[in-house]
Amino acid sequence: MSNLRVRFAPSPTGYLHIGGARTALFNYLLARKEGGTFVLRIEDTDVERSTQESVDAILQAMEWLGLGYDEGPFYQSERYDLYKSKVAELLGKGLAYKCYCTPEELEAKRQIAMQSGGKPRYDGTCRNRTDQPDAPFVVRFKTPQDGTSSFHDRIKGVISVENSELDDLIIQRTDGNPTYNFVVVVDDAEMAITLVIRGDDHVNNTVRQIPMYHALGYKVPDFAHVPMILGADKKRLSKRHGATSVMAYREMGYLPEAMVNYLVRLGWSFGDEEIFSMDDLIEKFSLDNVGRSAGVFNPDKLLWLNEHYIKTGDPLRLGGLVAEILAGQGVDVTFGPDMTSVVKTLQDRAKTLVEMADGARFYFVAPESYDEQAAAKFLSEDKRDLFELTVKHLEAIDDYSHDNVENAFQAVMQDSGLKFGKIGPSVRVALVGGTVSPSIYDVVAVLGRDRVLSRLQKALASLR
RNA sequence: GUCCCUAUCGUCUAGCCUGGCCCAGGACACCGGCCUUUCACGCCGGCGACGGGGGUUCGAAUCCCCCUGGGGACGCCA
């Protein structure tokens with residue numbers, strides 16, 4: 001048992017996106033690998049944007065991906081007493097101060113700083129003031145002004161910044177609520193987090209948080225900043241690059257193991273290996289082979305992995321998922337052919353569950369009409385003898401095993417003197433309504449005697 | 001603009017720490033062929049990269065410096 005404690009701390013202002021999911025995954029994997037503890041914390045200090053729906057959406061997505069946590073979820077909105085006492089402590093120690101500058105004044109100062117070619121930092125106007133005006137105020141943390149702040153990142157190595165580049169962060173708003181950069185320090189420390197794994201966009205925050213750990217007498221945890229995920233244009237991944245919500249991929253027919261496998265390989269590698277189950281990952285994952293630079297999200301590769309997992313997935317499980325999709329489309333599979341058999345005929349030809357459902361539809365719903373071009377070519381009057389012969393031989397067998405079906409067609413070929421290429425396409429159109437389907441023998445075997453015969457009779461009646 | 005980070009095929013990456021086994025390996029995508037009752041699968045083959053410039057060294061993708069490109073941060077958001 002290790003004493004590794006990691007956490008995932010999303011802010012509930014939307015669904016769980018690709019980037020957040022990867023961060024959560026890395027945390028989860030390391031916790032499981034090391035026998036550590038995975039804490040889930042909801043960072044909802046932004047009252048305006050945080051919603052319960054978002055919390056639910058995030059929880060649901062994590063569950064879908066299989067990322068179970070050991071402690072939490074803890075809500076920061078329920079821990080304000082703790083934060084307030086810590087702000088008071090800093091104020092008491094003289095390590096924080098009240099700032100009466102208004103947002104307008106600050107904005108003006110930022111503009112000026114930017115124009116004169118500098119960094120838009122707070123100038124410390126209120127840092128040493130001694131009066132106590134009767135006016136709204138925020139509390140700022142006194143960031144050291146001299147020297148250097150640095151930390152060792154488990155992925156990027158040493159990162160250091162001159163303190164003169166930093167300014168005094170607001171840790172408590174005018175309304176008395178604490179801000180992110182403060183609560184994240186308090187919580188990571190109070191929850192005894194030993195390793196903070198988070199997005200690379202927090203590197204600058206981390207530098208500024210280090211002095212706060214010291215000021216509050218906390219032990220500074222280890223950090224690992226994972227690189228960002230970008231879109232094809234190398235811009236930060238966003239909606240315009242396509243779906244960024246993890247759950248949107250479930251809707252599109254993706255399997256969670258494909259998503260997990262894709263996510264972990266974006267920025268992490270293990271030699272030449274591409275396929276990893278969750279168990280493989282728990283055994284093999286390590287921060288040591290996480291890359292340092294941002295990566296581009298590649299939907300094609302995700303699709304390929306999904307294809308792989310569909311191909312190798314358990315037909316019974318896949319069948320259940322496909323049945324759900326079909327049910328959503330009003331197709332009841334209860335009285336249709338055996339779903340597991342149906343799935344087996346489709347596993348090699350579907351890239352997503354949605355595609356599989358589309359391909360499976362005809363098994364449960366007899367064609368009401370035939371594809372125009374297909375019918376013209378394969379359901380013409382001159383096929384009458386062929387259909388009658390086919391019906392005859394298929395009526396002759398009771399057990400529609402693959403072998404029996406194949407033998408029946410062999411007989412049709414014998415009697416008609418035709419090659420399969422002259423028979424199959426017509427039967428296919430009669431059975432499925434179009435020209436695309438799994439192998440005819442499979443289709444016939446899975447559909448079974450009653451459905452096959454009835455569909456052939458119907459086609460026979462429609463020859464023209 | 002300032003600061004931080006980063007840099008191998010179009011993309012994800014191996015190799016870099018511990019220079020020579022690398023005229024750079026794998027995967028996705030793409031192109032060609034084979035298989036074939038349709039669509040797919042599968043199999044075989046191909047295209048394709050060490051950003052540029054200086055060093056160090058007998059020798060550099062690997063070490064050092066500069067430039068350039070890319071990303072991030074600069075909020076009473078997280």
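Sequence lines set the chain letters: A, B, ... in the order given, protein chains first and strands last, and positions in each chain run from 1. Computed from heavy atoms alone, side chains included, the values below leave out hydrogens, waters and symmetry copies.
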Peer 1: Is C64(B) syn or is it anti, if syn means the base angle is within 90 degrees of 0?
Peer 2: anti
Peer 1: Partner lookup for G69(B), please. Criteria are Watson-Crick or G-U wobble with both distances under 3.5 angstrom; report none if nothing qualifies.
Peer 2: U6(B)
Peer 1: Quote, to the nearest angstrom, the C1' distance that separates G33(B) from G70(B).
Peer 2: 39 Å
Peer 1: Among A78(B), U13(B), G72(B), which is the nearest nucleotide to the side chain of Leu266(A)?
Peer 2: U13(B)
Peer 1: Counting side-chain heavy atoms from CB outward, which of A78(B), U38(B), U6(B) is closest to Ser293(A)?
Peer 2: U6(B)
Peer 1: Do Glu190(A) and Lys86(A) meet the salt-bridge criterion of a basic N to acidic O distance under 4.0 Å?
Peer 2: yes
Peer 1: C28(B) and G48(B): how far apart are their C1' atoms, nearest whole angstrom?
Peer 2: 13 Å
Peer 1: What contact category does Gly199(A) fall into here, base, sugar-phosphate, or nothing, at under 4.0 angstrom with non-hydrogen atoms?
Peer 2: nothing
Peer 1: Expressed as a whole number of Å, how far does the C1' atom of C44(B) sit from that of A60(B)?
Peer 2: 36 Å
Peer 1: For Arg265(A) and U13(B), give me the distance from atom CZ to atom P, rounded to whole Å.
Peer 2: 7 Å
Peer 1: Counting only side-chain heavy atoms from C-beta out, which of G70(B), C41(B), U37(B) sits nearest to Tyr441(A)?
Peer 2: U37(B)
Peer 1: Regarding Thr13(A), tell me which of base, sugar-phosphate or nothing describes its non-hydrogen contacts under 4.0 Å with the strands shown.
Peer 2: nothing
Peer 1: Given the structure, check if the side chain of Thr174(A) and the base of C76(B) hold any donor-acceptor pair shorter than 3.5 Å.
Peer 2: yes
Peer 1: If you check the Asp46(A) side chain, which of U38(B), A78(B), C5(B) turns out closest?
Peer 2: A78(B)
Peer 1: Write down the distance separating the P atoms in C50(B) and U11(B), rounded off to the nearest Å.
Peer 2: 12 Å
Peer 1: What nucleotide, of U2(B), A7(B), G26(B), holds the atom closest to the side chain of Lys301(A)?
Peer 2: G26(B)
Peer 1: With the side chain of Val436(A) defined as its heavy atoms from C-beta on, choose the nearest nucleotide among G71(B), C74(B), U38(B).
Peer 2: U38(B)
Peer 1: Which part of the nucleic acid, if any, lies within reach of Pro438(A) when heavy atoms closer than 4.0 Å are counted: base, sugar-phosphate only, or nothing?
Peer 2: base
Peer 1: Mind checking the P distance from U56(B) to C64(B)? Whole angstroms is fine.
Peer 2: 15 Å
Peer 1: According to the Watson-Crick and G-U wobble definitions, with both distances under 3.5 Å, which nucleotide is paired to A40(B)?
Peer 2: none
Peer 1: Going by the side chain to side chain donor-acceptor pair (under 3.5 Å) test, name the single residue among Asn27(A), Thr206(A), Thr23(A) that passes it with Arg198(A).
Peer 2: Thr206(A)
Peer 1: When you measure from the side-chain N and O atoms of Lys311(A) to the phosphate of C41(B), is any distance below 4.0 Å, counting only OP1 and OP2?
Peer 2: no
Peer 1: Closest to the Ser439(A) side chain: A78(B), U38(B), C76(B)?
Peer 2: U38(B)
Peer 1: Separation of Arg7(A) atom CZ from A78(B) atom C1', in whole Å?
Peer 2: 11 Å
Peer 1: Within a radius of less than 6.0 Å around CD of Gln414(A), do more than 12 heavy atoms belonging to other residues, nucleotides or ligands occur?
Peer 2: no
Peer 1: Would you mind telling me which residue lines up with the more 5' stretch of RNA chain B, Ile440(A) or Gly267(A), judged by nearest nucleotide?
Peer 2: Gly267(A)
Peer 1: Is any side-chain N or O of Arg349(A) under 3.5 Å from a base N or O of C39(B), one able to act as donor and the other as acceptor?
Peer 2: yes
Peer 1: Could you tell me how far apart Asp167(A) (CG) and G75(B) (C1') are, to the nearest whole angstrom?
Peer 2: 11 Å
Peer 1: Rounded to the nearest angstrom, tell me the gap between atom CG in Asp200(A) and atom C1' in C5(B).
Peer 2: 7 Å
Peer 1: Return the 5'-most residue of the pair Gly295(A), Arg140(A) with respect to RNA chain B, ranking by each residue's nearest nucleotide.
Peer 2: Gly295(A)
Peer 1: Starting from P on U11(B), measure out to CG on Leu305(A) and report it in whole angstrom.
Peer 2: 19 Å
Peer 1: Taking C4(B) as the reference, what is the distance to C67(B) when you measure between their P atoms (whole Å, please)?
Peer 2: 13 Å
Peer 1: Check this for me: does any side-chain nitrogen of one of Asp167(A) and Arg140(A) sit under 4.0 Å from a carboxylate oxygen of the other?
Peer 2: no
Peer 1: If you compare every side-chain N and O of Arg110(A) against the phosphate oxygens of G75(B) (OP1, OP2), does one of them come in below 4.0 Å?
Peer 2: yes
Peer 1: In terms of side-chain geometry, is the basic nitrogen of Asp200(A) or Lys156(A) positioned less than 4.0 Å from the acidic oxygen of its partner?
Peer 2: yes
Peer 1: Report which part of the nucleic acid Arg121(A) touches: base, sugar-phosphate, or nothing (heavy-atom distance under 4.0 Å, all strands).
Peer 2: nothing
Peer 1: Between C4(B) and Lys156(A), is there an OP1 or OP2 to side-chain N/O distance shorter than 4.0 Å?
Peer 2: no
Peer 1: Could you work out the separation of G55(B) and U6(B) based on their P atoms and round it to a whole Å?
Peer 2: 26 Å
Peer 1: Across the strands shown, which category fits Asn181(A) at heavy-atom distances under 4.0 angstrom: base, sugar-phosphate, nothing?
Peer 2: base
Peer 1: For Asp123(A) and Thr125(A), does a side-chain donor sit closer than 3.5 Å to a side-chain acceptor?
Peer 2: yes
Peer 1: Distance check needed: A14(B) C1' versus Arg292(A) CZ, whole Å only.
Peer 2: 14 Å
Peer 1: Would Glu162(A) and Arg121(A) pass as an ion pair if we require N to O under 4.0 Å?
Peer 2: no
Peer 1: With a 3.5 Å cut-off and no angle check, do the side chains of His241(A) and Asp233(A) form a donor-acceptor pair?
Peer 2: yes
Peer 1: Taking the C1' atom in each of G71(B) and G51(B), what is the distance between them to the nearest angstrom?
Peer 2: 16 Å
Peer 1: Are OP1 or OP2 of A14(B) and a side-chain N or O of Ser269(A) less than 4.0 angstrom apart?
Peer 2: yes
Peer 1: Using only heavy-atom distances, determine whether the side chains of Tyr180(A) and Asn205(A) contain a donor-acceptor pair under 3.5 Å.
Peer 2: no
Peer 1: Nearest to the Ile159(A) side chain among C3(B), C5(B), U38(B), which nucleotide is it?
Peer 2: C5(B)
Peer 1: For His225(A), which contact category applies under a 4.0 Å heavy-atom criterion: base, sugar-phosphate, or nothing?
Peer 2: nothing
Peer 1: Categorize Glu274(A) for me: base, sugar-phosphate, or nothing, with a 4.0 angstrom heavy-atom threshold over every strand shown.
Peer 2: base
Peer 1: Under a 3.5 Å cut-off for both distances, is C74(B) Watson-Crick or wobble paired, and to whom?
Peer 2: G1(B)
Peer 1: In whole Å, I'd like the distance from the CG atom of Asp272(A) to the P atom of A24(B).
Peer 2: 16 Å
Peer 1: Under a 3.5 Å cut-off for both distances, is A27(B) Watson-Crick or wobble paired, and to whom?
Peer 2: U11(B)
Peer 1: Nearest to the side chain of Asn205(A) - G26(B), C76(B), A78(B)?
Peer 2: A78(B)
Peer 1: What is the distance, rounded to the nearest whole Å, between atom CH2 of Trp304(A) and atom P of G26(B)?
Peer 2: 14 Å
Peer 1: With a 4.0 Å cut-off, would you call Asp201(A) and Arg236(A) a salt bridge?
Peer 2: yes
Peer 1: Please tell me which of the listed nucleotides, G1(B), U6(B), C76(B), lies nearest to the side chain of Val138(A)?
Peer 2: C76(B)
Peer 1: For Lys419(A), answer base if it contacts any base atom (sugar-phosphate contacts may also be present), sugar-phosphate if it contacts only those atoms, and nothing otherwise; contact means non-hydrogen atoms under 4.0 Å.
Peer 2: nothing
